[in-house]
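Here is the structure we will look at, set down as structure tokens.
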Amino acid sequence: SSLRTAMAGSSRHHWNRSSASSIVWRNFATKDVTVREALCEGIDEEMERDEAVYVMGEEVAQYQGAYKVTKGLYQKYGDRRVIDTPITEMG
């Protein structure tokens with residue numbers, strides 16, 4: 001499946017009122033991305049913005065996630081911020 005992601009550009013129109021008498025039109029372009037790509041982009045943006053953000057889970061680092069949601073993050077941020085946890089049924 002795919003998501004429509006708003007980006008700077010020129011295909012959709014969105015407006016808001018900047019004062020009582022004027023309307024400001026803003027243009028937004030879109031791009032098709034898969035859900036996994038949108039999740040990965042969002043995680044990447046937050047990790048880049050804040051060094052305290054990290055990802056931790058089963059096979060999220062070297063394997064890059066079962067559905068590749070964390071693809072490329074281990075290589076970009078290293079093993080201190082993208083952390084594999086043990087896979088266990090015993091908890």
Side-chain angles (χ1 to χ4, degrees):
S1 72
S2 64
L3 296 175
R4 303 288 262 172
T5 307
M7 303 295 285
S10 66
S11 81
R12 290 202 177 164
H13 296 288
H14 172 75
W15 66 274
N16 60 4
R17 293 190 185 276
S18 62
S19 69
S21 63
S22 65
I23 296 175
V24 177
W25 286 93
R26 295 186 179 163
N27 294 321
F28 293 99
T30 61
K31 69 175 183 174
D32 289 334
V33 296
T34 64
V35 172
R36 89 179 75 190
E37 290 168 335
L39 290 169
C40 187
E41 286 177 19
I43 294 167
D44 186 28
E45 287 174 10
E46 290 305 307
M47 291 182 78
E48 192 165 315
R49 183 187 65 78
D50 184 350
E51 289 184 13
V53 174
Y54 62 93
V55 177
M56 193 166 137
E58 294 177 356
E59 300 182 337
V60 297
Q62 293 182 13
Y63 186 68
Q64 302 184 40
Y67 298 100
K68 304 300 182 216
V69 171
T70 55
K71 186 176 182 180
L73 298 179
Y74 178 75
Q75 290 79 6
K76 185 173 181 179
Y77 297 104
D79 61 355
R80 309 258 308 150
R81 297 188 59 204
V82 184
I83 305 161
D84 278 328
T85 60
I87 298 173
T88 179
E89 301 298 325
M90 302 297 286

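Residue indices begin at 1 and follow the sequence shown. What you are looking at is a predicted structure, and each value in this text was computed from that prediction instead of being measured.
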*Heavy atoms only: give me the nearest Thr85-Glu58 pair and the separation to one decimal.*
OG1-N, 3.2 Å
_Is the terminal nitrogen or CZ of Lys71 (NZ for Lys, CZ for Arg) located under 6.0 angstrom from the six-membered ring centre of Tyr63 and within 45° of that ring's axis?_
no
*Taking a hydrophobic cluster as the set of Ile, Leu, Val, Met, Phe, Trp and Tyr residues connected by side-chain heavy atoms closer than 4.5 Å, whether directly or through intermediates, do Val82 and Tyr67 fall within one such cluster?*
yes
*asked:* For the backbone of Glu51 and the side chain of Tyr77, can you confirm whether one donor and one acceptor N or O come within less than 3.5 Å of each other?
replied: no
*With the threshold set at 4.0 Å, does a side-chain nitrogen-carboxylate oxygen contact exist between Lys31 and Glu37?*
no
*How long is the span from the CD atom in Glu45 to the CG atom in Asp50, to the nearest 0.5 Å?*
13.5 Å
*Measure the OG1-CD distance between Thr34 and Glu41 for me, rounded to the nearest 0.5 Å.*
8.5 Å
*Can you name the closest pair of heavy atoms from Ile87 and Glu59 and give their distance?*
CD1-OE2, 3.2 Å
*Answer with yes or no whether the hydrophobic clustering places Ile43 together with Tyr54; edges join I, L, V, M, F, W, Y residues whose side-chain heavy atoms lie under 4.5 Å apart.*
no
*asked:* For residues Val69 and Met56: do they belong to one hydrophobic cluster (side chain heavy atoms under 4.5 Å, members Ile, Leu, Val, Met, Phe, Trp, Tyr)?
replied: no
*Do you know which two heavy atoms are closest between Ala61 and Asp84, and how far apart they sit?*
N-OD1, 2.8 Å
*OG1 of Thr70 to CD of Gln62: how many Å apart, nearest 0.5 Å?*
11.5 Å
*asked:* For Val60 versus Ile83, what's the shortest heavy-atom pair and its separation?
replied: CG2-O, 3.3 Å
